[in-house]
Amino acid sequence: MNRIRSLVLARHYHRLASFRSATASVLRLRSAVEDRPTFCANVPSTVMVAPAIPPVLRCSFASQANPRFRKAGKAPVANPLDELKAEALAFGRIHAERLNQILQKPDDIPAEAYGFLLGCCGRLLLDQPVETRMKLFRSLWFMANQDGKEIPLDRWKILLGVYRENGVDLADEGGVKTFLAGVAAEKDQEFYELLLAVVCERGDTQKVLEVMELLKERGTGLNARIAANLVRGHSKAGDMEAVRTVLDTMSAGNVAPDGRVYGELVVGRLRNDQMEEAVKLIAEKGRLLNENHVIEALKEALVKDRNDVVKLLVRLLPEAVVQDSSIDPLIRNLSSELYREGRYESVRTLLGELPVPVFSLNENYDNYAVSLIFELVKNEAPLEEIVLLTDFLVRTKRNERALHVACECAAKHSIGIYPELLKLLKKQEDLRPHYFWPLIVQHFAQSGEAGVMDVLKLMQRLKTEMDAETISVFVLPKLAISLKDVRTALKQFEDRGVKMSVLMTPFVSHLLYQNRFQDAINVVKLYSSKVDTEALIYPLVLQTTINKSTEHFQTMASVIRQFRDKAQNPKHDLAGQLLMELISNRKSKHDASSIRSLLQEFSTHQIRISRMSASVLKNHFQKARQLDTAMDKLINTLVDDKLTIPSKEVFDSIIVHPRDMTYEELECHLGELEEKKLNSRGVLRRLLQVCVRENRLDRAAEIKRKCDEAKVELSSGMLASVFDLHIKRKNVDEAGNTLDHIRTIFPGFLLDEHKVIDFAALLAEKGFPTSAQNVLKQRASSGQLRPGNSNKNIWNLLTNTAHWAAQHDPTSPQNHASEMLNFLVELGYCTYDNALLGPVIREYLLKNQILNAVAEYKRIATEKRRTPLQLEILTTLVRLTNSNDPEIPPDQAKSLLAEMIQIGSRIHGPINTNNALIVALAEAGTEPQLRRILINPETRVNHEYILTQCEFLVNAGKLDVVLSDWKRLRSSVNILGQSDRDEFSSSVYSSIKD
């Protein structure tokens, strides 16, 4: 419930900040267009007006915070498409809002992304009805194919997959033959099998026979895939005799059933009430079923209320699924389907068959089934069903804070049921004031000030005492009309059970902010309750700053005099603290004359200050050379030795915390503590992290040993540093063990993605690319990736992969670096950046597969308009033009070089491409080749580019190449003028000298 406090505070903070901006701090708030015609099989005509993208229902997952409440700051903007892919991979469903965000900018959608986006319009949009899914699909289909080109077969296969997942009836497309007539691409067997799956999903036996005839005409015999579809189709039609006939035909044709056939058979028998046969088949062949079939069978068993079958099927699920302490996506998605059909009891039955989660010491105990509670609340399920679920979770000790979670969800998304949930929560514990903040906000929006008072009445009925923060932040700012009559307002508060001892200070503070000084004085006089004068400092600073007139200072002195007489702490130096704030606050702009005027009014109203305040004032005026005899005498007459100022308001700690120390300071501090035999655990923790960050690895290892000897409890941050230490020292086993330790002890801790990528790079270097991918996939499933934030680390991973592949698989055309890069892009770690594509080319060059490198370079340049390792490709081809390589003769090398130059010119322009060629010729060409290009009148040199390349070559130890460039460019009058030649010569000389 504390999250409610943070969220609502964040929403109101900007309003308070603007209202009280003149003070250094006001409140220390806590963390605070029309539908498309019926879609048919024919290709949408490119002359049709593109249909408007239908609005997608806005939704969010329980694990995702509302974006309005995210912390401020300029974080790298993630690619929405990459986020969508990562979400589909991690959760088996997608966030409809993300898809809608992508569709709002159709010009930004790359052509290769349409296949994925079209595929999203099926079961991945789990929380959307079929009608919405198909509207989205039709819009995307139009956008993907509006170029007028023939639609490729792969895209038609995606269409059939979406049709199957959404249960589309081909009768709406004019029938099977009409649909096929609209497919111009040449069809293969997989296409017809997908078509069969579409009609089988509907249980349309007539169309099943029609498609089977088409398969027979193609000479396709019965196989396990076709048999599985037929079993599904006939079982959906309720014809189990036809299913038996399919099995007999398989037996006669020596076609062995596989897991798909058995899976469809189990689901079909459960669907058609053949329970005994289903149970027998599960016992015999259950191990062959895949997860999807088990989940579908579970749904059928739950619908039929066969708990015995549910128990059998749950045992078939992987241990990682059933032991997930926050509900695995497979179970969550099944529960969502059951919820949509109104089968709430079935979900509770399913959860009851799962083992009770075992939480580790540092794991969040209230995470279990949060997504299911969220879904019920957000979709406005009956209140009794929400209560039954929370009661079940609490009773079975799966989530003892389930009702709190339901209250949080209701506060955000279904405020109507929130009061009822609070009443239930009251039976378990005393409610806190901040639980009612969302209600105050919502009731004020609906009913104005009367709504706020109604919430106060509800708080009184639920015996919840008001606190100062609720009054000052959420109640008083909303009662502009009610507060016009102060006495009536106070009476209303008293009638609603608000104690005057709690109300007095925030009430007076609110009046001060509104310049209602007389009302503030009257309230203090009228009631005997004391005020916390320390809490009134900032409104007094504000009012003293905005008006420096003598009349106003008289009023302020009267107010301070009244507050002094009713102060909770009579020794508090309110006037002195006010003066100290005024002279220390740069925004107040009080000079000596205004301070003198205020001091004179204090003297007139017999207001005293502490000796400490007097000393600070004298020092202030003395430094400004404005302390005369009269001022000194005036200050002395105001001193009262009984008054004090709380030390926390005057002094800041002068001791530097270890987190703010440098490495040298930490070492010195550690030596002092060890010499005095004092507790050094805090310094050891910090020193370990600093040593790892600054690559003092040997010292870090020593500190780690000291931590172990001192039995220092390692926090999640320290373990992350230890993990990083093992990676940098290339200790694969120790790094892997530390990672497992972090996941076990701190399952909620999210490792920085660059550390995980570095570990994957180490695994790739040591020859474990599959393990590297597993580590990366596991980190991606946790979310919060920022593409482009770790490109240097990813480049290192890809380079290690390329070198490993070149050493262990030098003859294979398979490109391991390319596969790793595609994997990273799919997970959302990065995009296809020019630097990251470099290792893909590098792998071929390391394997000496020049033709493959050139072909891959051409593909990347054509599809992605990137030119990775352009200079190295050109240099390699130039070298081949002057050699007698049997694989690539000089003529072929010249042809390839010309092609590379043409590609580079299209992307970077002829000038930059020619500059790259000049450097390549200087490194690998002959002197006549270099002279020929330099004396060409059309050649233009970008000497900044050439200089950059020369610096790179000098650092690489290729001094002869730089000197060759220098010599030829100096003698080429047509390329550089005299001043440019001198500047270039000077720059090259400086580069070589450095």
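Nothing fancy with the numbering, it's 1 onward along the sequence. Scope of the values below: all heavy atoms of this structure, side chains included, with no hydrogens, waters or symmetry mates. Because the structure is predicted, anything quoted here is derived from the model rather than measured.
No more than 12 heavy-atom neighbours from other residues, nucleotides or ligands sit within 6.0 angstrom of CD on E465. Around CD of E345, the count of heavy atoms belonging to other residues, nucleotides or ligands within 6.0 Å exceeds 12. Within a 6.0 Å sphere centred on NZ of K457, other residues, nucleotides and ligands contribute more than 12 heavy atoms. Shown here is E551, whose CD atom has no more than 12 heavy atoms of other residues, nucleotides or ligands within 6.0 Å. Counting heavy atoms of neighbouring residues, nucleotides and ligands inside a 6.0 Å radius, atom CD1 of I481 does not exceed 12 of them. With a 6.0 Å radius and a threshold of 12 heavy atoms from other residues, nucleotides or ligands, R487 has its CZ atom at or below the threshold. The 12-atom threshold is not exceeded at CZ of R611, counting heavy atoms of other residues, nucleotides or ligands nearer than 6.0 Å.
Between L125 and T132 there is no side-chain heavy-atom pair separated by less than 4.5 Å. Looking at L574 and L540, their side chains come closer than 4.5 Å, going by heavy atoms from C-beta outward. Counting heavy atoms from C-beta on, the side chains of L456 and F493 come closer than 4.5 Å. Under the 4.5 Å side-chain criterion, counting only non-hydrogen atoms from C-beta, L512 is in contact with V559. With contacts defined as side-chain heavy-atom distances shorter than 4.5 Å, the pair F436/H443 does not qualify. Side-chain contact check for P438 versus Y418: some heavy-atom pair is nearer than 4.5 Å. Between L422 and L439 the shortest side-chain heavy-atom distance falls below 4.5 Å. At least one side-chain heavy atom of M580 sits under 4.5 Å from a side-chain heavy atom of I645.
Closest of all the heavy-atom pairs between L582 and L598 is CD1-CD2, 3.8 Å. A pairwise comparison of heavy atoms in K484 and A480 identifies CG-O, 3.6 Å as the closest pair. Nearest heavy-atom pair, Y527 versus M504, reported as atom, atom and distance to 0.1 Å: CB-CE, 3.4 Å. The nearest pair of heavy atoms linking A520 to V508 is CB-CG1, 4.2 Å. Taking each heavy atom of V377 and S414 in turn, the nearest pair found is O-CB, 3.6 Å. The minimum heavy-atom distance linking P357 with R398 is given by the pair CD-CG, 3.8 Å.
Aromatic pair F563/H572: ring centres not closer than 6.0 Å.
Here H510 contributes atom NE2 and L476 contributes atom CG; the two are 5.5 Å apart, rounded to the nearest 0.5 Å. Between the OG1 atom in T555 and the CD atom in Q543 there is a gap of 10.5 Å [rounded to 0.5 Å]. In this structure, L334 CG and Y339 OH are separated by 11.0 Å, a value rounded to the nearest 0.5 Å. In this structure, L421 CG and L425 CG are separated by 8.5 Å, a value rounded to the nearest 0.5 Å. We find the CD1-CG distance between I560 and L578 to be 5.0 Å, quoted to the nearest 0.5 Å. Atoms CG and CD1, on L511 and I521 in that order, are 11.0 Å from each other to the nearest 0.5 Å.
Side-chain atoms of E83 never come within 3.5 Å of backbone atoms of R98 as a donor-acceptor pair (strictly under, hydrogens ignored). The main-chain N or O of V524 is found under 3.5 Å from a side-chain atom of K566 such that the two form a donor-acceptor pair. Judged purely by atom type and a 3.5 angstrom limit, E87 uses its side chain to pair as donor or acceptor with the backbone of H95. The closest donor-acceptor contact from the side chain of K548 to the backbone of T545 lies under 3.5 Å. Side chain of D573 to main chain of S610: a donor-acceptor pair is present (N/O by atom type, distance under 3.5 Å, no hydrogens or angles). The backbone N or O of S326 lies less than 3.5 Å from a partner atom in the side chain of D324, making a donor-acceptor pair. With hydrogens and angles disregarded, no donor-acceptor distance shorter than 3.5 Å links the side chain of S447 to the backbone of A450.
Side-chain contact annotation: T505 with D532, donor-acceptor N/O pair under 3.5 Å absent.
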* Under the side-chain hydrogen bond (donor to acceptor under 3.5 Å, both in side chains) criterion, do N522 and Q518 qualify, and how do the steps go? -> CA-CA 6 Å; N522 293 339; Q518 192 57 50; 3.1 Å; yes
* To do: Kindly indicate, with the supporting measurements, whether the criterion side-chain hydrogen bond (donor to acceptor under 3.5 Å, both in side chains) is fulfilled by H605 and S558.
  => CA-CA 7 Å; H605 287 78; S558 300; 3.3 Å; yes
* To do: Output, in order, the C-alpha distance, side-chain angles, deciding distance and verdict of side-chain contact (heavy atoms from CB on, under 4.5 Å) for R332 and R93.
  => CA-CA 10 Å; R332 178 190 172 184; R93 65 197 294 172; 3.2 Å; yes
* Output, in order, the C-alpha distance, side-chain angles, deciding distance and verdict of side-chain contact (heavy atoms from CB on, under 4.5 Å) for M500 and L490. => CA-CA 8 Å; M500 287 305 301; L490 291 171; 4.0 Å; yes
* Asked: Between E97 and N100, is a side-chain contact (heavy atoms from CB on, under 4.5 Å) present by the stated rule, with each step listed?
  -> CA-CA 5 Å; E97 190 176 47; N100 194 37; 5.5 Å; no
* For side-chain contact (heavy atoms from CB on, under 4.5 Å), just list the numbers for L126 and S336, CA-CA rounded to whole Å, side-chain angles, deciding distance to a tenth of an Å, and then say yes or no. => CA-CA 8 Å; L126 191 62; S336 297; 3.8 Å; yes
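Electrostatic pairing of E494 and K491 does not count as a salt bridge here, judged by no charged N lying under 4.0 Å from a carboxylate O. Using a 4.0 Å cut-off between charged side-chain N and carboxylate O, R348 and E385 make a salt bridge.
Aromatic ring pairs are classed by plane angle as parallel below 30°, tilted from 30° to 60° and perpendicular above 60°; the pair F374 and H413 is perpendicular.
Among K427, K426, R432, the one residue that satisfies the salt bridge (Lys or Arg N to Asp or Glu O under 4.0 Å) test with D430 is K426.
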